[in-house]
2 protein chains.
Amino acid sequence: MENPGHTSYADDPKIDALVNETIGRVADKWTLLVLEALEEAGARRFSDLGRSVPGISQKMLTQTLRQMEREGLVSREVFAEVPPRVEYRLTDLGHELGEAFCGVWQWAERNLARIEAARADYDARKAP
Amino acid sequence: MENPGHTSYADDPKIDALVNETIGRVADKWTLLVLEALEEAGARRFSDLGRSVPGISQKMLTQTLRQMEREGLVSREVFAEVPPRVEYRLTDLGHELGEAFCGVWQWAERNLARIEAARADYDARKAP
DNA sequence: CTGAATCCGCTCTGATACTG
DNA sequence: CAGTATCAGAGCGGATTCAG
């Protein structure tokens, strides 16, 4: 504890703001789920992806993929065929992000019970 | 690589859904910022926190702190004084989450330039 | 099949005012 | 100081429709 070097991620508040903004764009629900879906398979096409992400709508899938593409997390390959085929895959950057999130994922998985207990406890104290 | 064990975080889809839901509640913008602010200082009072989190409104600060308290991330200590004083600090759980997010933070910081470049490139291709 | 475009309800947020 | 209450605007996200 004390200060092993992980408390301050950036000394420059300018950088800090940029980092926060970046995380904000990258850490939303659908992005996480698509990231996970793409980590399991090397490449996936649009509909396939839609089917493997639980409750995502076509609009949100499109939107999420566009944003991820813009941030450089996924690459998009269009095949000149009929019917059209488009494949998405993680870039190196995207894969690295997936690995980084791995820690958060594991934290959540490891502490599900604790969190559930905390919530139950809180609710019990609030509405007895 | 191929499959070093970090692709599938949970075999049980039930658990997987729970984990996603948990992350959804814990990975929002304000929570991240408050988490960071609280990691730097052991304990902080309400207004102090408000001042150290860039553009947060009083309403969002209250809301975020309540939720974090509910999830067991922060503890809230009220002092019976006048004027009132309330101190917030991270629980062990909260601190562990902070460490888990450290990886994402570092990823973002390390790749700011790459992301910026990807975005510029994407925008250039889209609107030339 | 892979999208883009539109309509629309609902939530999330910020501003403001008020309380203990 | 540390909140709660309320209201209005912005934006998210789903359903549907249309196009290449």
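Proteins get letters first, then strands, A, B, ... in listed order; numbering begins at 1 in each. FYI, side chains are in, hydrogens and waters are out, and symmetry mates aren't considered; it's all heavy atoms of this structure. Note that the structure is predicted; figures quoted are calculated from it, not measured.
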- Task: Quick one: pull up CE in B/M60 and CD in B/Q67 and give me the separation to the nearest 0.5 Å.
- Result: 10.0 Å
- When you measure from the side chain of A/T31 to the backbone N and O of A/A27, does any donor-acceptor pair fall under 3.5 Å? no
- Please identify each residue that fulfils salt bridge (Lys or Arg N to Asp or Glu O under 4.0 Å) with B/R110, with sequence neighbours left out. none
- Are any of the side-chain nitrogens in A/R44 or A/E87 under 4.0 Å away from the carboxylate oxygens of its partner? no
Expected rows: protein N/O vs nucleotides 9-16 of chain C N/O, under 3.5 Å:
{"from": "C/dG14", "atom 1": "OP2", "to": "B/S57", "atom 2": "OG", "distance (Å)": "3.2"}
{"from": "C/dG14", "atom 1": "O6", "to": "B/K59", "atom 2": "NZ", "distance (Å)": "2.2"}

- CD-CG distance between A/E116 and B/L18, expressed to the nearest 0.5 angstrom: 6.5 Å
- Query: Any salt bridge (charged side-chain N to carboxylate O under 4.0 Å, His left out) pairs touching residues 51-60 of chain B, not counting sequence neighbours?
  - Reply: B/D48-B/R51
- From the list A/L33, A/L35, A/V34, A/L73, side chain to side chain contact (heavy atoms under 4.5 Å, CB included) with A/T64 holds only for A/V34
- So, the side chain of A/N20 versus the backbone of A/D16: is there a donor-acceptor pair under 3.5 Å, distance only? yes
- Item | B/D121, CG: over 12 other non-hydrogen atoms inside 6.0 angstrom | yes
- Query: Contacts to DNA chain D from residues 44-52 of chain B, heavy-atom cutoff under 4.0 Å, which residues?
  - Reply: B/R45, B/F46, B/S47
- Please list, in 5' to 3' order, the outermost nucleotides of DNA chain D lying under 4.0 Å from any heavy atom of chain B. D/dC1 to D/dC7
- DNA chain C contacts among residues 74-87 of chain A, heavy-atom distance under 4.0 Å: A/R76, A/P83, A/P84, A/V86
- Message: Could you go through B/L32 and B/V104, starting from their C-alpha distance and side-chain angles, then the distance that decides it, and tell me whether this counts as side-chain contact (heavy atoms from CB on, under 4.5 Å)?
- Response: CA-CA 11 Å; B/L32 269 300; B/V104 181; over 6 Å; no
- Would you mind checking if B/R114 and A/E96 are paired as a salt bridge, meaning a charged N to carboxylate O distance below 4.0 Å? yes
- Which of parallel (below 30°), tilted (30 to 60°) and perpendicular (above 60°) describes B/F46 and B/Y88? tilted
